[in-house]
Every structure is written in C-alpha cells, then in structure tokens.
Participant: 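Structure provided below as structure tokens; questions to follow.
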2 protein chains.
Amino acid sequence: MSSKLCVGIVPLFNELAHDEQELIERLVQHRSVACGEVVVSPDRSGGMIIVRSGRLRVYQLSEDGSEHVVRILDSGDYEGELWLYGGRNENLFISGESDSEICVIAYDEFNRLLESYSGLAIRLLKLSIEKMSELGFKNSLLAMDSIEDRIVAYLEKLQERHHSGKIVLPMKLKDLALYLGITPETLSRKLHLLEEEGIIRRRGRTIELNER
Amino acid sequence: MSSKLCVGIVPLFNELAHDEQELIERLVQHRSVACGEVVVSPDRSGGMIIVRSGRLRVYQLSEDGSEHVVRILDSGDYEGELWLYGGRNENLFISGESDSEICVIAYDEFNRLLESYSGLAIRLLKLSIEKMSELGFKNSLLAMDSIEDRIVAYLEKLQERHHSGKIVLPMKLKDLALYLGITPETLSRKLHLLEEEGIIRRRGRTIELNER
DNA sequence: CGCCAAGTTGAAATACATCAATCGGAGTGG
DNA sequence: CCACTCCGATTGATGTATTTCAACTTGGCG
C-alpha cells in the first residue's frame with residue numbers, strides 16, 4: 001500500500017495544510033473493493049467514501065429491478081455527503097466498477113472535522129455546489145424528450161471538459177445508456193443515426209463531434 | 001413594507017444571532033417581482049435570491065423552446081448558490097409565479113459572509129445537501145420509464161411531507177406535467193387511470209392516496 | 001356575463017422499449 | 001496459435017406507450 005496520504009490526493013482535502021491532512025489521515029479507514037462488490041446499500045451506509053484508485057459506480061434500483069446509473073466515481077471523487085446529516089439512504093447503491101481502493105471516514109468524525117476546520121466546510125460546500133450543478137445538468141438531460149438531443153447535449157458537455165476535438169466515452173455504451181435513461185439498443189441506433197447525419201464521427205468509444 | 005427582518009424568516013439565516021442577522025439585513029436589496037416577470041436569466045444572474053413572500057418558478061428552456069420546471073420557490077426558499085463561485089448560468093430562468101417580494105444579496109458580499117461566519121457555511125452546506133437530495137429524487141423520477149410509477153412516486157413523496165391522508169398539489173397540473181417531464185394531456189389521462197385503478201381519489205387539485 | 005387559461009378527451013403518428021438473434025473482441029485454456 | 005466462451009455491441013421485427021394536434025369543456029375572474 002502506498003505511503004502517500006490518501007487525504008492528499010482528493011480535492012476535498014488537498015488545500016488544507018499538511019499537518020491538518022495528517023490529522024485527518026489518522027481518521028480514515030482504508031479498504032479494498034473488488035470489482036462488483038457492493039460497498040453502500042440502503043442497509044449499510046458506512047460513511048464518507050473517498051476513492052483512492054479504481055472506479056466505483058453509483059446507481060439506483062427501481063422497484064421493478066431496473067438499474068439507473070447516477071454517477072461514476074473516479075479516483076479523487078467522493079460520495080456520501082447526502083447522509084452526513086442523518087439523511088436516509090433510500091435506494092442508492094455503490095459498487096466497484098473495477099478493483100478499487102477507497103478511504104472511509106465515519107460521519108460523526110467528519111462532522112467534527114467540519115466544526116473544527118471552517119475552511120473544510122467551505123470547500124465541501126463548493127464541491128457540493130459543483131455536484132449539484134452536474135445533477136442539474138443531468139436533470140435537464142433526462143427531461144428532454146428527444147433522445148437525440150439528449151445524447152448530443154451529453155457529448156457537448158463532455159467535449160467542453162476535454163477542450164479537444166475528440167472525446168473518449170468514460171463508460172461502456174451499456175452503462176452510458178443507463179446513465180442517460182435509455183436502452184443500450186436505442187443508444188447504439190441513435191449513434192449510428194447521428195453519424196449518418198454527419199453530426200458525429202465514431203470509432204469504438206472515441207467520438208469526434210462536428211460543430212454545426 | 002413589513003419592518004420584520006427579511007433575513008429572519010429564512011432557514012438559511014434564522015439560526016444566526018439577532019445582531020448578525022441585522023448585519024446581513026443591511027446587505028440585502030429588497031425587490032418586488034410582478035407575476036410573470038423574469039428575475040434571473042442566463043444574461044443576468046443578480047445574486048443570491050431569497051423569497052420573502054409569493055412564489056417563483058425556476059425553469060429551463062430547451063433549444064426547441066420547450067420548458068421544464070425545475071422547482072417552485074415558496075416563501076423562505078432561496079436560489080442562486082450555483083453561481084456563488086463563478087459558475088455560469090447556462091439555461092436557468094427564474095420568474096414570478098405570482099406577485100412576490102424577494103431579497104437579493106450580491107455574490108461577493110455573500111462570499112464575504114461565508115468567510116466571516118463559519119456557521120453560515122455549514123448551514124448553507126446542510127441546505128445544499130437537502131436540495132441535492134431533492135434533485136437526486138427528481139432524477140430518479142425522470143429516470144423511470146413508466147409514467148405511472150413516476151406520478152405515484154411523486155405523490156408518495158408529497159404525502160410523506162404532509163403527514164396526512166390528503167394531498168394538495170402545489171402547482172397547476174400543467175406545471176406539474178412540466179415538472180415531471182411529461183405532457184399535460186398524459187398527466188390528465190394517467191390521473192384518470194390511477195383513479196379507475198383505485199390507487200387515488202381526486203377532486204380538482206386535491207388527491208387522496210390509497211395505501212396498497 | 002363573457003373571456004381566457006386550464007383541463008379534458010379523441011384520433012393519429014411516432015419514437016422508444018422489448019424480445020430475439022447475431023456479431024465482434026477480449027480473455028482463457030488447450 | 002487456435003478454438004471456445006463470455007459479454008458488450010449491433011441489428012431486425014414488433015408492440016405499445018406517449019406525444020402531438022385538434023376540438024371541446026370547465027372554471028376562475030374581471
């Protein structure tokens with residue numbers, strides 16, 4: 001296991017002073033997650049989860065068993081602020097998308113941290129706002145009735161972040177479909193359609209988005 | 001205009017000491033909003049908006065002109081944290097749903113407040129997390145492909161808050177449809193269907209939800 | 001009383017889901 | 001190095017739920 005501070009690599013903490021980071025480091029539990037293993041479920045919400053390496057999948061299950069991908073956590077991302085103040089986890093799951101390493105901080109301890117380091121609260125606030133912005137974007141995606149627009153909007157958002165002409169989809173098409181709230185079949189068909197219309201150029205998971 | 005502190009009535013500030021509230025009160029601009037008037041648009045995001053009285057509508061416009069209702073603000077609610085840290089407002093609008101009174105705090109001043117009163121940051125964080133939870137719920141609603149489930153889930157959520165057998169829809173059916181991402185026609189039909197199935201009992205905007 | 005917006009109802013079109021079969025590539029083992 | 005397998009991706013055919021368009025009714029308010 002790397003001796004590097006887990007705390008140091010995440011945006012949530014990396015602006016704090018080094019000695020403060022060491023203090024926090026002592027509070028976290030390290031843990032390995034196997035691919036496919038479920039870490040968080042409505043039964044068990046351990047605490048604040050920070051991804052050190054690997055990828056995790058945050059998803060919901062409907063009553064009929066269908067799955068909806070809420071977000072993919074990459075290294076440095078965190079999840080769990082929803083339950084910081086006692087909120088109940090109703091139908092959110094987190095599982096390993098690949099073998100991963102995570103850090104966990106119990107809620108009461110994290111709360112104590114928030115009280116002690118006012119900077120941390122502002123930092124978490126800032127990150128929460130960003131997350132909210134993303135959720136809002138996703139909302140607007142899901143609200144679009146035209147699937148085609150939905151896909152294009154998603155791609156444009158991706159491109160905006162990469163600042164480059166070519167985009168590499170961050171997930172399997174299957175999961176992207178779940179993320180966008182459609183079926184894999186429809187996604188596949190629509191991508192073809194978009195290509196025929198000259199809006200995109202695709203090879204595998206790499207997509208080139210033409211300006212219009 | 002009431003002499004009561006605008007700041008005192010909102011959850012965001014009402015836990016602060018009274019003298020702190022007075023300090024903040026001096027920073028806010030009071031403003032009346034006529035029904036239908038647009039207060040916030042991508043062009044102009046004035047600052048943090050707090051609803052003193054009346055109702056405002058937060059909504060998005062798609063490229064094709066269709067509208068999606070994100071949230072309805074009642075008195076005591078606020079909006080604008082998304083742009084606190086310089087985030088761009090891309091397609092969010094806020095307009096008066098009825099004649100309303102609002103308070104506005106410029107972002108830089110609000111930011112200064114956050115630095116000064118660490119309690120405020122935690123408070124805003126807490127409220128942001130609640131808002132996020134609602135957004136997450138709405139996400140899960142929109143992700144359901146069965147409209148019927150979507151409506152029932154929404155109603156159950158409403159009932160949960162009212163703690164009573166009968167629910168009164170907080171908006172016009174037309175707007176509820178926009179909120180749920182469907183057309184008013186479909187909503188009307190589905191409500192009928194649900195009534196025939198014995199799941200609900202409705203008269204106007206009042207709905208009784210039968211346990212199953 | 002009459003107007004306008006909201007709500008309702010009907011008929012038609014369409015886009016998406018669903019089911020099922022096939023293809024393709026990556027990984028595994030002989 | 002070549003089958004073999006497994007899973008993701010693709011393609012086709014079919015059904016259906018929802019949108020759309022349009023006409024009509026209702027209800028609230030001046």
Side-chain angles (χ1 to χ4, degrees), chain A residues 35-36 55 57 59 62-69 72 95-99 141-154 168-197 200-207, chain B residues 34-36 55 57 59 62 64-69 72 95-99 141-152 154 168-197 200 202-207:
Chain A
C35 178
R55 325 181 84 191
R57 154 199 304 232
Y59 61 101
S62 317
E63 298 174 7
D64 63 347
S66 68
E67 175 183 343
H68 178 72
V69 174
I72 296 289
S95 70
E97 181 78 0
S98 67
D99 291 346
L141 278 189
L142 293 174
M144 295 184 188
D145 33 83
S146 161
I147 301 288
E148 220 162 309
D149 291 348
R150 205 184 290 189
I151 296 172
V152 172
Y154 172 80
V168 177
L169 296 181
M171 9 180 179
K172 290 174 283 197
L173 286 190
K174 196 185 173 191
D175 288 331
L176 180 55
L178 290 176
Y179 178 88
L180 292 174
I182 58 181
T183 59
E185 293 97 323
T186 306
L187 178 56
S188 177
R189 280 187 251 266
K190 285 299 175 188
L191 284 177
H192 260 283
L193 214 73
L194 288 172
E195 197 157 13
E196 281 178 13
E197 289 171 349
I200 64 171
R201 240 172 73 79
R202 177 168 83 111
R203 231 181 44 208
R205 218 165 284 176
T206 305
I207 294 184
Chain B
C35 178
R55 324 182 84 190
R57 154 198 304 231
Y59 61 101
S62 316
D64 63 346
S66 68
E67 176 183 340
H68 177 72
V69 175
I72 297 290
S95 70
E97 180 78 0
S98 67
D99 291 346
L141 278 189
L142 293 174
M144 295 183 190
D145 33 87
S146 161
I147 301 287
E148 221 162 309
D149 291 349
R150 204 184 292 190
I151 295 172
V152 172
Y154 172 81
V168 177
L169 296 181
M171 10 179 179
K172 289 175 283 195
L173 286 190
K174 195 186 173 192
D175 288 331
L176 179 56
L178 290 176
Y179 178 87
L180 293 174
I182 58 181
T183 58
E185 294 95 324
T186 308
L187 179 56
S188 176
R189 281 187 251 265
K190 286 298 174 188
L191 284 177
H192 259 283
L193 214 73
L194 288 173
E195 198 157 13
E196 281 177 13
E197 289 172 349
I200 65 170
R202 177 167 83 109
R203 230 179 48 209
R205 217 163 287 175
T206 305
I207 293 184

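Proteins get letters first, then strands, A, B, ... in listed order; numbering begins at 1 in each.
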Participant: I need the CG-C1' distance between B/L193 and D/dA17, as an integer number of Å.
Facilitator: 11 Å
Participant: Indicate whether OP1 or OP2 belonging to C/dA15 is found under 4.0 Å from a side-chain N or O atom of A/R150.
Facilitator: no
Participant: Compare side-chain N and O positions of B/T186 against OP1 and OP2 of D/dT18 and report whether any pair is under 4.0 Å apart.
Facilitator: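 So the side chain of B/T186 is outside the cut-off, no N or O lying under 4.0 Å from OP1 or OP2 of D/dT18.
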Participant: Using OP1 and OP2 only, check whether a side-chain N or O of A/H192 sits under 4.0 Å from D/dT10.
Facilitator: no
Participant: What heavy-atom pair brings A/M144 and A/R150 nearest, and what distance separates the two atoms?
Facilitator: O-NH2, 2.9 Å
Participant: Looking at C/dC16, D/dA9, C/dA17, which one has an atom nearest to any side-chain atom of A/K190?
Facilitator: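 Out of C/dC16, D/dA9, C/dA17, the nucleotide with an atom closest to A/K190's side chain is C/dC16.
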Participant: Using whole Å, report how far CD of A/E185 lies from C1' of D/dA13.
Facilitator: 13 Å
Participant: Start at the 5' end of DNA chain D and walk down; is the nucleotide closest to A/K172 or to B/L187 reached first?
Facilitator: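 Between the two, 5'-proximity favours A/K172.
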Participant: If I compare all heavy atoms of A/A177 with all of A/T183, which pair ends up nearest, and what's the gap?
Facilitator: CB-C, 3.7 Å
Participant: Let me know, please, whether B/I182 or A/R202 comes out on the 5' side of the other along DNA chain D by nearest nucleotide.
Facilitator: A/R202
Participant: Quick check: on DNA chain C, is the nucleotide nearest B/L173 upstream (toward 5') of the one nearest B/R189, or the reverse? Name the residue that is more 5'.
Facilitator: B/L173
Participant: Please report, rounded to the nearest Å, how far the C1' atom of D/dT26 is from the CG atom of B/L191.
Facilitator: 16 Å
Participant: Nearest-Å distance, CD (B/E195) to C1' (C/dT8)?
Facilitator: 13 Å
Participant: Is there a donor N/O on one and an acceptor N/O on the other, under 3.5 Å, for the side chain of A/E148 and the base of C/dC16?
Facilitator: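 No, no donor-acceptor pair under 3.5 Å.
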Participant: Where the side chain of B/H68 meets the backbone of B/L178, is there a donor-acceptor pair that is under 3.5 Å apart?
Facilitator: yes
Participant: Provide, to the nearest angstrom, the distance between the CG atom belonging to A/D175 and the P atom belonging to D/dA9.
Facilitator: 8 Å
Participant: Tell me: CD of A/E67 to P of D/dG8, nearest whole Å?
Facilitator: 11 Å
Participant: Of the non-hydrogen atoms in A/L191 and A/I200, which two are nearest, and what is the gap between them?
Facilitator: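 Heavy atoms only, the tightest pair is O-CD1, 3.7 Å.
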Participant: Over how many whole Å does the gap from B/L169 atom CG to C/dA6 atom P extend?
Facilitator: 15 Å
Participant: What integer distance in Å separates A/D145:CG from C/dA13:C1'?
Facilitator: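 Rounding to the nearest Å, CG of A/D145 and C1' of C/dA13 are 15 Å apart.
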Participant: From the set C/dT18, C/dA6, D/dT18, return the single nucleotide nearest to any side-chain atom of B/I147.
Facilitator: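 Shortest atom-to-atom distance from the side chain points to D/dT18.
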Participant: Tell me which nucleotide among C/dT18, C/dC16, C/dT8 gets nearest to the side chain of B/S188.
Facilitator: C/dT8
